[in-house]
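Protein chains get the first letters and strands the later ones, always in sequence-line order, with residue 1 at the start of each.
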Number of protein chains: 2
Amino acid sequence: MASGVTAQTGQRRKRLNFDERRQEFIAAAIEFFAEEGFESSTRELARRLGVTQPLLYRYFPSKEDLIGEVYETVYVNRWRDDWDAMIADRSLPLRERLIDFYDSYTDVVFRRDWMRIFLFSGLKGVDINRRYLGRVRERILDPIVRECRHADGLDDLTPLPQEVEYAWVMHGGIYYYGVRKLIYEGGTLDRKRFVIETSVDAFRAQLSTLRDGTSPIRW
Amino acid sequence: MASGVTAQTGQRRKRLNFDERRQEFIAAAIEFFAEEGFESSTRELARRLGVTQPLLYRYFPSKEDLIGEVYETVYVNRWRDDWDAMIADRSLPLRERLIDFYDSYTDVVFRRDWMRIFLFSGLKGVDINRRYLGRVRERILDPIVRECRHADGLDDLTPLPQEVEYAWVMHGGIYYYGVRKLIYEGGTLDRKRFVIETSVDAFRAQLSTLRDGTSPIRW
DNA sequence: CACCGGATTTATCATGCGATAAATAAGATT
DNA sequence: AATCTTATTTATCGCATGATAAATCCGGTG
């Protein structure tokens, strides 16, 4: 088949420069590996792209390098830098901030490709998942706990370990809603708003009782 | 190498009957596939068992059949039938029942092999995950909500959809604690008890406000 | 001891994989 | 129009995979 003509449609395609073409391949790789797993073949990926398999090796030295680009694009590029500000903007009520943040955050992660890539790479034991979760803790959960402490009139904003652990539980509860709907049930996210509001409210209420020691467990 | 002598140690092994040998293979397959994924080779599995690869086909018609046995053993055989009774035993306080149940439930699912098998099979899109979650809902979450309604003095115990959805969130929060520790962080579960108690307490408190409509969201 | 039957291994097939080298096609440059 | 450049394809290598058939081993039985 001639170049500049896609395999599937036979349509003429504009010739892209190296970087654009590379990005096109990465985008297709995300979709492909998210659905089929990283063990799927470069031949099948090339077939879906309408090119031959050796062409991929013109743009990426190895399959593992291509997968690395997939990680980078999904985990790093989709992270939104305004999340910090959303959480910390004290001109708004804390409840509103947390709900707005999780609305925005789940717009990013409640996507089939994001979740499946995350699950696949986590099972491979790649270090990037650990790094991502470290970032969640530092830039999301710690700040949330700090804002809660501030809203509750505490002077020392330093998060207690049990506060962070419980923030993980709230976070996980919301996240697992997405996993269940998108990965297991294949359904819609029409109760996302309810889940976020309920989780945030329950978290805030429980966090105080956790702190002032009325909870039966202390560390 | 002669039969009855393991490949690795050269030790003599007692000759097992067909069913015992089969179970031995399944147990090894669980460990192996949990760690390496279902795409890993039957040759490597056989190597770890100290037998040759074609021997597996004496006990299982195909790799897919062996994997089916893995599912069956992990999902069905490890389910404990006394969980229903633990949740419904009204001679004990509800809080205690829920905590005891989740202690027991997480003893089963907070295991690296269980979780990884579940994640791998879920990503494969096998139907067994959906069936498992259906069972969780019917035999765990619905009963929990019913017991909460009973404890709150309601006559109609029929769970409302938002009650069940929120029960899923609590369940997911606890579950995700295990995933995070066992899959991503590779750490210990030393805060399991705290996570369960906090989640259960927050759930019970939030469930009432959810029900009597003080929550800002209604369906 | 001789023999039978099932457990296990050896040998092999067809297929698919990641990767590389060489040939070709097509747009850009002069 | 002729030439250069590079994107893309064709051909191929070495290796691993799931699966099958035939040979071999070995414990149990007479």
Side-chain angles (χ1 to χ4, degrees), chain A residues 1-29 32-33 35-70 120 124 126, chain B residues 1-29 32-33 35-70 120 124 126:
Chain A
M1 153 214 351
S3 78
V5 171
T6 65
Q8 289 157 352
T9 65
Q11 270 183 333
R12 197 156 275 276
R13 182 186 47 230
K14 190 185 155 213
R15 192 153 187 135
L16 305 172
N17 69 35
F18 188 86
D19 287 333
E20 289 171 323
R21 194 86 165 112
R22 205 178 128 91
Q23 284 308 315
E24 188 183 316
F25 284 5
I26 293 172
F32 174 67
F33 287 131
E35 218 45 54
E36 311 295 336
F38 291 119
E39 317 235 15
S40 289
S41 73
T42 55
R43 276 180 177 78
E44 176 64 15
L45 168 59
R47 202 190 59 74
R48 297 197 189 186
L49 271 161
V51 301
T52 56
Q53 177 248 6
L55 184 58
L56 297 174
Y57 287 82
R58 194 90 184 173
Y59 293 86
F60 311 94
S62 72
K63 182 182 180 182
E64 218 36 59
D65 282 278
L66 170 56
I67 291 175
E69 295 293 337
V70 168
F120 276 125
K124 266 179 64 176
V126 192
Chain B
M1 156 215 348
S3 77
V5 172
T6 64
Q8 289 155 351
T9 64
Q11 270 185 335
R12 196 154 276 278
R13 183 187 45 233
K14 191 186 154 209
R15 194 152 183 135
L16 305 173
N17 69 36
F18 188 86
D19 287 333
E20 287 171 323
R21 193 87 165 111
R22 206 178 127 91
Q23 284 307 314
E24 187 183 316
F25 284 4
I26 293 173
F32 173 68
F33 286 131
E35 220 46 53
E36 310 296 335
F38 291 120
E39 318 234 16
S40 289
S41 73
T42 55
R43 275 180 178 77
E44 176 63 16
L45 168 60
R47 203 190 58 75
R48 297 197 188 188
L49 271 161
V51 301
T52 57
Q53 177 247 5
L55 183 59
L56 297 174
Y57 288 82
R58 193 89 185 174
Y59 292 86
F60 310 94
S62 72
K63 182 182 179 181
E64 219 36 58
D65 282 277
L66 170 55
I67 291 175
E69 295 292 338
V70 167
F120 276 125
K124 267 179 63 176
V126 192

- Task: Would you kindly compare A:Glu44 and A:Pro54 by the position of their nearest DNA chain C nucleotide and give the one closer to the 5′ end?
- Result: A:Glu44

[N] [atom2] sits how many Å from [X] [atom1], rounded?
X: A:Glu36; N: C:dG16; atom1: CD; atom2: P; value: 16 Å
X: A:Phe60; N: C:dA19; atom1: CZ; atom2: P; value: 13 Å
X: B:Leu45; N: D:dA19; atom1: CG; atom2: C1'; value: 15 Å
X: B:Glu24; N: C:dA7; atom1: CD; atom2: C1'; value: 13 Å
X: A:Phe18; N: C:dG27; atom1: CZ; atom2: C1'; value: 17 Å
X: B:Arg47; N: C:dT9; atom1: CZ; atom2: C1'; value: 17 Å
X: B:Gln53; N: D:dA21; atom1: CD; atom2: P; value: 14 Å
X: A:Phe33; N: C:dC17; atom1: CZ; atom2: C1'; value: 13 Å

- Query: Could B:Glu36 and B:Arg43 be called an ion pair, given the rule that one side-chain N must be under 4.0 Å from one carboxylate O?
  - Reply: no

If the cut-off is 4.0 Å, is [X] near the phosphate of [N], judged by side-chain N/O to OP1 or OP2?
X: A:Arg21; N: D:dT8; value: yes
X: B:Tyr57; N: D:dA21; value: no
X: B:Thr52; N: C:dT8; value: no
X: B:Thr42; N: D:dG18; value: yes

- Task: Calculate, to the nearest 0.5 Å, the distance between atoms OG1 and OH belonging to B:Thr42 and B:Tyr57 respectively.
- Result: 4.0 Å

State, yes or no, whether a side-chain contact exists between [X] and [Y] at a heavy-atom distance under 4.5 Å.
X: A:Val51; Y: A:Arg58; answer: no
X: B:Leu56; Y: B:Leu49; answer: yes
X: B:Leu55; Y: B:Phe25; answer: yes

- Output all residues satisfying salt bridge (charged side-chain N to carboxylate O under 4.0 Å, His left out) with B:Glu39, sequence neighbours left out; order by chain, then residue number. none

- Query: Taking for each residue the nucleotide of DNA chain D with the nearest heavy atom, is it A:Arg43 or A:Leu55 whose nucleotide lies nearer the 5' end?
  - Reply: A:Leu55

- Item | Main-chain N/O of B:Phe38 paired with B:Lys63 side-chain donor or acceptor, under 3.5 Å | yes

- Item | Selection from C:dT9, D:dT8, D:dT9 that lies nearest to any side-chain heavy atom of A:Arg58 | D:dT8

- Under a 4.0 Å heavy-atom cut-off, which of residues 61-69 of chain A touch DNA chain C? A:Ser62, A:Lys63

